[in-house]
Amino acid sequence: MALVNVNRKNMDQFYRYKMPKLIAKVEGKGNGIKTVIVNMPDIAKALSRPPSYPTKYFGCELGAQTQIDLKNERYIVNGAHQADKLQEILDGFIERFVLCSSCENPETVLVVDTRKERIGQNCKACGHQGFINLQHRLITYICRNPPTGETGTPDKKERRKKNQNGESSPTHTENQTNGVDKFDIPEINNHVSGSTTTIHASAEDDWCVDTSEAAVQRRMEDLTSGVKGLTFTDDLERPEEQRFNMLYEFVKSKKELGKVDMTGKEIVAEAERLDVRDKAVLAISEIMFDAHMLKQIPKYRMIFLRFVNENHKAQKYLLGAFEMLVGKSYPKELMPKAAHILKALYDNDLIEEEIVLQWAEKVSKKYVSKEISTQIHEKVKPFVHWLKEAEEEESSEEEDEEEDDDLVYDNKAEQLKVVVEKQPQQAIEEDEDFDIDAI
């Protein structure tokens, strides 16, 4: 197996950090064409990173969907991609997420802080410790899927073993008296996510804790979203419709007060607490979007991504919200722009191609009347047609000659422009700076 330097910028012949050269195999044809990274497990092992990380990085950089089959160790990027091109993209992943920012050695370990959504990096070679300071879509994926074992954050089994071995056990003496633990110290600090609850014991073991409203509120503010979810168990007993309305009021109040967390973490935490995560996009869409939806999609993209990323059910609900906004709430302003709006949702990675095509096959009256739904489907036909044909045309062109990815994308955009212009001309009331050529 051919080997290359992990840091390919380092031309030292005695450089000892090696990895297998990337091997790519193109399979399928037409809309089903895909590239399999044959030796991704070996590459990931050499980099001490989970193989899903570089695979997802390819998807982010190429704007392509990825498929990860852990059982069969198959790592796939949709579309036809040359091995040399993927190797260059892999260099970017290594530079950003593997090499030490101080000594540039790859002997680093990722430490993920899921609460603050940031990734620390510890170098075993020089001892440098710091945070990966960059804005990249892979950051979100890594925070949701932190590494385990030698590649980073210890998993539950490892933490449990450490506790059993006494490595991180609390230092106190326990005496069992009538089933109640007694401690030899009069004051105990109980740390929960950075907060401190001080419990006092009198000589008569009269345990007490500050239960005033202000004290309770302070402790709740310090709890993580996960712990908060465990504390509000009564809400889960309510009907789903009532829980959904509670989320709606929560998001609405945030919007009215101008306190919307643009990262979406607060809204996600509340949706999970109320167990309405999949349907949450219906409420969020109604509150965040209005007649200027085209401009607002990029603005609130990160919030929606937290719900729809790799969640087909949530994407289908988002299409339902799209129908209601276009067909019910703002038909005069948005109906003429339906194709443009649907493409904006697609371009911002909020809806996958597969889900759009499934939706386009059937007119439903679930969210709007059948008549209005039919009208919406007619309006978006140019985009759906482009979506169906573009991949097939791209594949046939690549068989004849190798073309740059950006050039293919520009060609497809031009084709969509032509198709839209061939439709019966209707007065499209565009936003002030909206331009059809920008599609």
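Every heavy atom of this structure was used, including side-chain atoms; hydrogens, water molecules and symmetry mates were not. Here the structure is a predicted model, which means the values were calculated and not measured.
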TODO: Determine, step by step, whether S48 and V109 satisfy the side chain to side chain contact (heavy atoms under 4.5 Å, CB included) criterion, reporting the C-alpha distance in whole Å, the side-chain angles of both residues, the deciding distance to 0.1 Å, and the verdict.
DONE: CA-CA 8 Å; S48 295; V109 175; over 6 Å; no
TODO: Determine, stepwise, if the pair K316 / W359 fulfils side chain to side chain contact (heavy atoms under 4.5 Å, CB included).
DONE: CA-CA 8 Å; K316 291 175 182 177; W359 170 83; over 6 Å; no
- [ ] Using the side chain to side chain contact (heavy atoms under 4.5 Å, CB included) rule, take E323 and S373 through it: C-alpha gap first, then chi angles, then the decisive distance, then the call.
- [x] CA-CA 7 Å; E323 288 190 38; S373 183; 3.6 Å; yes
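Screening residues 265-290 for ring-ring contact (aromatic ring centres under 6.0 Å, His included), with sequence neighbours left out, gives F289-F304.
With contacts defined as side-chain heavy-atom distances shorter than 4.5 Å, the pair L90/L22 qualifies. Looking only at side-chain heavy atoms (C-beta outward), P54 and Y75 stay at 4.5 Å or farther from each other. Residues I33 and E27 fail the side-chain proximity criterion, which asks for heavy atoms closer than 4.5 Å. Side-chain contact between L319 and L342 is present, with heavy atoms from C-beta onward closer than 4.5 Å.
Applying side-chain contact (heavy atoms from CB on, under 4.5 Å) to L99 and the options T108, N7, L47, N105 leaves one that passes, N7. Among the candidates V111, L110, D113, V112, the single residue satisfying the side-chain contact (heavy atoms from CB on, under 4.5 Å) test with P146 is V112.
Between M262 and M302, the closest heavy-atom pair is O-CB, 3.6 Å. In plain terms, the two heavy atoms of E354 and H312 that are nearest each other are OE1-CE1, 3.7 Å. Shortest non-hydrogen contact noted between A360 and H377 is O-CD2, 3.7 Å. Here the closest heavy-atom approach between residue R306 and residue K265 is recorded as NH2-CG, 3.2 Å. Taking all atoms of both residues into account, the shortest heavy-atom contact from I94 to V6 is CD1-O, 3.4 Å. Taking each heavy atom of I287 and Y248 in turn, the nearest pair found is CD1-O, 3.3 Å.
In this view, K279 and E240 satisfy the salt bridge (Lys or Arg N to Asp or Glu O under 4.0 Å) rule, not counting sequence neighbours. In this structure, E286 has no salt bridge (Lys or Arg N to Asp or Glu O under 4.0 Å) partners at least two apart in sequence or on a different chain. E104 meets the salt bridge (Lys or Arg N to Asp or Glu O under 4.0 Å) test with no other residue; sequence neighbours excluded. Residues satisfying the salt bridge (Lys or Arg N to Asp or Glu O under 4.0 Å) test with D349, not counting sequence neighbours, are R137, R301. With sequence neighbours excluded, the residues forming a side chain to side chain contact (heavy atoms under 4.5 Å, CB included) with S369 are E371, I372, listed by chain and number.
A distance of 4.5 Å separates CD1 of I303 from CD1 of I267, quoted to the nearest 0.5 Å. To the nearest 0.5 Å, the span separating CG on N245 from CZ on F250 amounts to 15.0 Å. Going from atom OG1 of T55 over to atom CD1 of I68 covers 5.0 Å, rounded to the nearest 0.5 Å. Taken from CD1 in I341 to CE in M293, the straight-line distance is 5.5 Å, to the nearest 0.5 Å. Rounded to the nearest 0.5 angstrom, F322 CZ and L350 CG are separated by 12.5 Å. Separation of atoms CG (L274) and CD (Q242) is listed at 10.0 Å; rounding is to 0.5 Å.
Electrostatic pairing of K343 and D347 counts as a salt bridge here, judged by a charged N lying under 4.0 Å from a carboxylate O. Salt-bridge formation is detected for the pair E378/K381: a Lys NZ or Arg NE/NH1/NH2 atom is positioned less than 4.0 Å from an Asp or Glu carboxylate oxygen. Between E270 and K254 there is no salt bridge, since none of the side-chain N atoms of the basic residue sits less than 4.0 Å from a carboxylate O of the acidic one.
More than 12 heavy atoms of other residues, nucleotides or ligands lie within 6.0 Å of NZ in K255, so this atom counts as buried by the packing criterion.
Residues N72 and D69 have side chains that bring a donor and an acceptor to within less than 3.5 angstrom of each other. Side-chain polar atoms of Y17 and E107 form a donor-acceptor pair below 3.5 angstrom. A side-chain donor from one of Q315 and E352 sits under 3.5 Å from a side-chain acceptor of the other.
Between H136 and Y57, the angle of the ring planes stays under 30°, which puts this pair in the parallel group of the 30/60° scheme.
For the pair R49 and F97, the cation-pi criterion (under 6.0 Å, within 45° of the ring axis) is not fulfilled.
With hydrogens and angles disregarded, no donor-acceptor distance shorter than 3.5 Å links the side chain of Q87 to the backbone of K21.
Centroid-to-centroid, the aromatic rings of F58 and H81 stay 6.0 Å apart or farther.
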